[in-house]
Amino acid sequence: MVAQGISGREAEVLTLVGEHLSNAEIGARLFISVRTVETHVSSLLRKLGAADRRGLAQLAAEWSRAGRGGAPALGLPAPVTSFIGRSQERAALIAAVREHRQVSAVGPGGVGKTRLALAVAEAAAADFADGVWFVDLVPVTDPAMVGAAVAAAIGAGEQQSSGMDESVVAALADRHALLVLDNCEHVRDGVAPLLERLLAGCPRLTVLATSRARLTVPFERVHPVPPLSLDGDGDSDAVALLLERAAAVGWPVAPEQRVQAAEICRGLDGVALAIELAAARLPALGLDGLAQVLPDQLRLLTGGARADDRHRSVRAMLDWSHALLEPDDRTLLRRIAVFVAPFTVDAARQVAGFAPLETAATMDALARLTEQSLLTAAPSPGGTRYRTLEPIRQYGTEQLAGAGELDEVHSRHLRWSLATATDLARATPPATGAWRAAFDAAADDIRAALGWAADRPEHRAEAHDLALALAQSTFTRNLAGEAQQRYEQAASLADDPVAVRSALRHAAAVAGCRRHGDGMYRLYRAAADVARGAGDPAGTARDLATAAAVSYRFSGTFSQAPPLGEAAALLAEARELAGADPAARAAVALAECGVGTDAAELDPGAPEAAVPQAMALAGQAVDLAARTGDPLALSAALDALAAVQCWAGDTFVMAQTTRRRVELLASVPVTPASAHERANALSEAADTCIGVGDLSGARRWGEQLRDLPLLAERGDFATSRLLVADALAGDVDDVLVGSRRFRDAWERTGSLHTPDLATAAAAVAMVHGLRGEDGPRSEWLSIMDELGLASAHKAGYSAVFDAIVQLHHGRADRAAAGLLAEADEMDEWVIWVWQHWYVALRAEAAVLTRHPDARRRITASRAVVAGNPVADALLDRAEALLDGDQDRLLAAAAAFEAAGCRYQWARTLVLTGGDHAATGAAALADLGMSRP
């Protein structure tokens, strides 16, 4: 499809926006960077005239329903009403936005701040290279959710290691954009701190806010928004608005009636919303009738004297409009005020359809309220949705309280929200575009209902259930930060200790998914405290032991390690309390694998008995976990066993154990705990496959890790294992594509110090080295240094990747210099899965430098690598080069090809010489590498 200048790539992006994916998720699907996605989204907003991302998603749904054929209606329809007047205010505000970083358009409700802000944003859009983003804060009832609303508007998902506010700042850090925050007044406590962070962390960002009161943040430039001008009587802006709206409802005003129109507008103080409501009554009264009745009604309703507060005009107009409604319409208007977001007819029926309003009468009443401009209606993929303007919604809430229906309607809204949230949490499969759209449409009302119920003891049980359902859905929606918050909220609302502990354990698992080891540790300890208070020793033991195990299994995700000896103390208490409970005993055994062997692992002089002892502990942990029937417990125990096998240097057995973990978890339903365990298992399985030369296995697990929804916003971690596998295989194009996602995501996290990602950076540097690109190689080596630990800890993989580059370019002496250390003298955690690669390349470097010990090195290395197809082929090639045996070189080439190592296959052909060298050189060129 290429409609209205939309490119094929933009059409793909539009489709995925319609599935409610974040920019990072779209980038992962299309193998493009997040910045590229942002550029396409900005272009689509301009080309299609969408006001915001939600509108763009609606257009995508319309396009999908149209079958993507021909030229479907791809632009938003013209605005329901046009923007009238305000030329001076508009020019002044445009100038302010161009000159100042934060501008607040301040004025009473109904004065026209939103329409003015949108007009200003449209006019100033060309000044902002990265576009304009509009964020409607009306549906946001919790100040803590302001960042989430901004993220949804700009398409930024929550990064694992950051909160939503940090993710928003990271997404906008280098953007030259205009952010419009509309209706800030009720969530100023959330807007103000976010604005300060945005202005400090995003130097090219400008923010235009609308509010009834100033935001009192640094750099704020306040622009009061007055009512529409009344100057010029019949030619004023206020009159122009009334005339335009009158024509829109089929009642054009004759020239001789402009004096009456001006009088009405003066009576309404030029307030835009009041004028719009008056115009909506013209079909029933006509201008003459309106001119006769309205002034008297307004004087009566305001008590005669004109109040200084111009907002009084809106209140008076609403009172008058409300008095003219049919009884059913008045009832519906006040009851639907509990909805904070656009709602459907069915939702209105469930919440508002009770005596004296008949359920069947709801639809007709909604239509009449829309005709009177008290509601707006817009099509959506799920059917027509209705929305109440904020001043009218607040008015309806007052009427609801006055009618004594406030608690009843809120209770019905709570029940509707709970039913909706429960259906969303139970949906199978949940992560479709339709599910995400349904969640996004309901989420603000669910949050509002939870906020209302959480403070009311009589609704505590419903609030707990709603928090739990919302936690499940937000986790599925990849809003991990909110999911953890909601699980903790559910724990605070539960009365049953079992329910409290369950919610805390779920919260701990989500913290693990977010790579927050400190949070996991705190929450498991909190769960243990609950179990202890409830007189549950086995439960206490299980959670204490799990906390202790977290301190070593995921130590790299702690911002601050627990005090020395604390984990051991937790384990000691857990041992005393575990008794015969299978789950508690398994948890204790798992903790003993790490906490009990830490000292020996860190001590170079550890006794020879340490490894067998650790192996026995790990074997016991696996046995006890298997007896529980819990696949997650068994996976954790297998992880401990693999660690001991690595310590013992048994690479092949370690690889089998990690593969067993992945296969065990493949059919486990997705929960926070299983998602966390699966990400860990896939990363380690890919690593160990590299260690034994199983490049296809490493790629398979690396692809599955890359595609985990959990890692959508952490493209650096998601692609890290696949980059290594592709680099060693020689899949250059895939490495270059994946490296863009890796670097983009890493920079968006604030360039975190993440040692377990350094290997991927080294792999990318190697590929650039093989391509003869010294500049990019140096950049990636610098990234490796920023990511990694001290040089001693990266000596294994760094030496391997550097040796491959040096050997490729015929610098065997440099390769040999980087491989001086004996592998068996290196720390197990340094050489780790790289032992086979290290010793094989060291032997080849010895051959090419004519080292007198070359043959002995080959012979000694064969016993170490036997069974590793790539390392075996490396040694075969080294020995063939030593002996000048061309046939064995060709056999080695065939072995590399069979192992999926196309780069080494091509290089071996080059080393073979003759016609084979030309074939190898051509293959290297096809792979995108320079000729040796």
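Small disclaimer: the values here were computed from a predicted structure and weren't measured. Heavy-atom basis, side chains included; hydrogens, waters and symmetry copies ignored.
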Is there a side-chain contact between [X] and [Y], using heavy atoms and a 4.5 Å cut-off?
| X | Y | result |
| --- | --- | --- |
| Leu705 | Phe717 | yes |
| Arg721 | Glu703 | no |
| Cys202 | Val169 | yes |
| Gln704 | Leu708 | no |
| Leu695 | Ile690 | yes |
| Phe801 | Trp834 | yes |
| Leu890 | Leu909 | yes |
| Phe896 | Leu874 | yes |

Are the side chain of [X] and the backbone of [Y] linked by a donor-acceptor contact shorter than 3.5 Å?
| X | Y | answer |
| --- | --- | --- |
| Asn478 | Pro709 | yes |
| Asn23 | Ile154 | yes |
| Ser167 | Glu158 | no |
| Arg842 | Leu820 | yes |
| Arg771 | Gly928 | yes |
| His768 | Trp780 | no |
| Asp883 | Asp885 | no |
| Gln904 | Cys901 | no |
| Arg661 | Ser635 | yes |
| Ser43 | Thr39 | no |

Spatial distance of atom CG (Leu722) from atom OG (Ser683) [nearest 0.5 Å]: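 Result: 13.0 Å between the selected atoms.
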Report the distance from atom SG of Cys513 to atom CG of Leu711, rounding to the nearest 0.5 Å. 9.0 Å
Taking only Lys NZ, Arg NE, NH1 and NH2, and the carboxylate oxygens of Asp or Glu, determine whether [X] and [Y] approach each other closer than 4.0 Å.
| X | Y | value |
| --- | --- | --- |
| Arg714 | Asp716 | yes |
| Arg740 | Asp744 | no |
| Asp734 | Arg699 | yes |
| Glu713 | Arg514 | no |
| Asp174 | Arg748 | no |
| Arg857 | Glu822 | no |
| Glu677 | Arg553 | yes |
| Asp731 | Arg902 | no |
| Glu844 | Arg907 | yes |

Nearest atoms (heavy-atom pairs only) where [X] meets [Y]:
| X | Y | result |
| --- | --- | --- |
| Phe652 | Asn868 | CZ-N, 3.5 Å |
| Met784 | Ala758 | CG-O, 3.7 Å |
| Asp756 | Arg515 | OD2-NH2, 3.4 Å |
| Ala799 | Gly818 | CB-O, 3.5 Å |
| Trp905 | Ala893 | CD1-O, 3.2 Å |

Looking only at side chains, do Arg877 and Thr908 share a donor and an acceptor under 3.5 Å apart? yes
Exercise: do Asp130 and His176 side chains pair donor with acceptor under 3.5 Å: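 Absent: no donor and acceptor within the cut-off.
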Cation-pi check, Arg743 to Trp746: give yes when NZ or CZ is under 6.0 Å from the six-membered ring centre and within 45° of the ring axis, no otherwise.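 Geometry flag: not set, cation outside 6.0 Å or 45°.
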Atom CZ of Arg811 with >12 non-hydrogen neighbours under 6.0 angstrom: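 Correct, the count exceeds 12.
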Candidate pair Met654 and Thr657, rule side chain to side chain contact (heavy atoms under 4.5 Å, CB included), full reasoning: CA-CA 5 Å; Met654 177 177 62; Thr657 301; 5.6 Å; no
Before you tell me yes or no, could you show the steps for Glu663 and Arg660 under salt bridge (charged side-chain N to carboxylate O under 4.0 Å, His left out), namely the whole-Å CA-CA distance, both residues' side-chain angles and the distance that decides it to 0.1 Å? CA-CA 5 Å; Glu663 292 161 0; Arg660 182 181 170 191; over 6 Å; no
Which of Arg856, His851, Arg855 passes side-chain hydrogen bond (donor to acceptor under 3.5 Å, both in side chains) with Asp853? Answer is Arg856
